[in-house]
Amino acid sequence: MSGASLADRIDQTLSPVSDVVSSIVFVSVDIAGVSMPLVVAWLMAGGVFMTIAFRFLNLTGFRHAWSVVARRRDDHKGDGEITHFEALSAALSGTVGLGNIASVPVAIVLGGPGAIFWMVLAGFFGMTLKFAECTMAVKYRRVQSDGRVIGGPMYYIEAAFERIGAKAVGKGAALFFAVMTVGASISLFQINQSHAQFANVTGLAAPVAYGVIMSSLVALVVLGGVRRVGRVASMLVPFMAVIYVAAGLFIIMANITALPGAIALIFESAFGLDAAGGGIIGALINGMKRATYSSEAGVGSAAIVHASVKTDNPLTEGHVALLEPFIDTV
């Protein structure tokens, strides 16, 4: 069976299910001719509300967040399996990459250059949202008898509904989140793009062999549990981030004469002075949509990793987590 036919069969099998789920989760409204998913509006509203409620913690707690990340392994007290730096690295390993590299040009194509401004602003508010979800993940996590830690939105969702007397609803919502997270964790886009780049550079198109090798390498890490994931991520992610930032800076420096005009164009487009991409509405909506995909703030996936951190104070990991949207989006 060819790779293409197998992919088609998988797509035909899963499409009906994904279409139903998408029609529920991504219900959209039309604003000035631009589609706005309500879930994105909800996440952005949550980020703005929490930023104001916590008195701009994403600014006032920024310095403290870096000091917590820099703690030595021996300075970590309490239950947990990985350090703050390892938790941050593991979470960033799932956000710095395709979501950042692809999201910005897509946002520009759909919403014009001004989408960059709104994307950065959405990432700024997403910092507080990430603080809240990861603090809750640590607070409501569960420690097993062997020292292993499990946690994430599925646990604090259930706890939140139970507090208002809707335990059954909470269990259903938690189960729905857990099932959806399994599907979202399958890195089809990443491995597909990885092989495409490999084939483009080397001229070798061997999708099956490439998939087997990559799967084997991933298995060596994942089967070691969250501790091995954290250790490997803490070694790879800084290296990956340096390359990512250095490449961006190189491109900017190579086009430094165009920088002032580009910045001016971003602001002109962001506030509707340029009709590209639907004006201010198109720029705002597409910027927020791509920022949500880029940082995953409020989505809950990163909170699962952060729940395993070794700490006796949930707020410490909340501070560490707010650095993610800053690093990968802002």
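Within the structure, every pair that satisfies the ring-ring contact (aromatic ring centres under 6.0 Å, His included) test and touches residues 127-177, not counting sequence neighbours, is listed here: Phe54-Phe131, Phe131-His319. Pairs of residues two or more places apart, or lying in two chains, that qualify as ring-ring contact (aromatic ring centres under 6.0 Å, His included) and include a residue from residues 190-237 are His195-Tyr210, Phe198-Tyr210.
In this structure, Glu162 contributes its side chain and Lys167 its backbone to no donor-acceptor pair below 3.5 Å. Side-chain N or O atoms of Ser269 include none that pairs as donor or acceptor with a backbone N or O of Leu265 at under 3.5 Å. Side chain of Arg141 to main chain of Ala307: a donor-acceptor pair is present (N/O by atom type, distance under 3.5 Å, no hydrogens or angles). Under a 3.5 Å cut-off, the side chain of Ser67 and the backbone N or O of His64 do form a donor-acceptor pair. The backbone N or O of Gly78 lies less than 3.5 Å from a partner atom in the side chain of Lys310, making a donor-acceptor pair. Proximity of a side-chain donor or acceptor of Thr83 to a complementary backbone N or O of Glu86 within less than 3.5 Å is detected.
For Arg228, there are no salt bridge (Lys or Arg N to Asp or Glu O under 4.0 Å) partners, not counting sequence neighbours. Legend: residues meeting side chain to side chain donor-acceptor pair (under 3.5 Å) with Ser234, ordered by chain and number and at least two apart, are absent. Scored by the side chain to side chain donor-acceptor pair (under 3.5 Å) test, Arg227 finds Glu81 as partners (sequence neighbours excluded). For Glu324, the side chain to side chain donor-acceptor pair (under 3.5 Å) test picks out Lys130, His306, with sequence neighbours left out. Remark: Arg71 pairs with no residue by the side chain to side chain donor-acceptor pair (under 3.5 Å) rule, at least two apart or across chains. Remark: Lys171 pairs with Glu158 by the salt bridge (Lys or Arg N to Asp or Glu O under 4.0 Å) rule, at least two apart or across chains.
Hydrophobic clustering (side-chain heavy atoms under 4.5 Å, transitive across Ile, Leu, Val, Met, Phe, Trp, Tyr) groups Met154 together with Ile164. Under the 4.5 Å side-chain heavy-atom criterion for ILVMFWY residues, a single connected hydrophobic cluster contains both Val320 and Met127. Note: the hydrophobic cluster containing Leu92 also contains Phe124 (ILVMFWY, side chain heavy atoms under 4.5 Å, direct or indirect links).
The nearest pair of heavy atoms linking Ala199 to Ala205 is CB-CA, 4.3 Å. Shortest non-hydrogen contact noted between Gly123 and Val330 is C-CG2, 3.7 Å. Residues Ala174 and Ile157 share a closest heavy-atom pair of N-CG2, 4.0 Å.
Taking CZ from Phe326 and CG from Leu59, the interatomic distance works out to 10.0 Å, rounded to the nearest 0.5 Å. Remark: Met180 CE to Ser301 OG distance equals 14.0 Å, nearest 0.5 Å. To the nearest 0.5 angstrom, Cys134 atom SG is 10.0 Å from Ile304 atom CD1. Taking CG from Leu121 and CZ from Phe117, the interatomic distance works out to 5.5 Å, rounded to the nearest 0.5 Å. For the atom pair Ile116 CD1 and Ile266 CD1, the distance stands at 4.0 Å (nearest 0.5 Å). Expressed to the nearest 0.5 Å, how far CD1 of Ile251 lies from CD1 of Ile256 amounts to 13.0 Å.
Using a 4.5 Å cut-off on side-chain heavy atoms (C-beta onward), Thr135 and Glu317 make no contact. Considering only heavy atoms from C-beta on, Ile252 comes within 4.5 Å of Leu259 through its side chain.
In the hydrophobic clustering, where aliphatic and aromatic side chains (Ile, Leu, Val, Met, Phe, Trp, Tyr) are joined below 4.5 Å either directly or transitively, Val229 groups with Val221, Val232, Leu236. When hydrophobic side chains of Ile, Leu, Val, Met, Phe, Trp and Tyr are connected at separations under 4.5 Å, Val143 ends up clustered with Val149. Val309 belongs to a hydrophobic cluster whose other members, connected by ILVMFWY side-chain contacts under 4.5 Å either directly or through intermediates, are Val138.
Aromatic pair Phe271/Trp118: centroids less than 6.0 angstrom apart.
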Could you give the side-chain donor-acceptor pairs of residues 42-52 under 3.5 Å, partners two or more places apart or in another chain?
| from | atom 1 | to | atom 2 | distance (Å) |
| --- | --- | --- | --- | --- |
| Thr51 | OG1 | Gly47 | O | 2.7 |
| Thr51 | OG1 | Thr128 | OG1 | 2.8 |

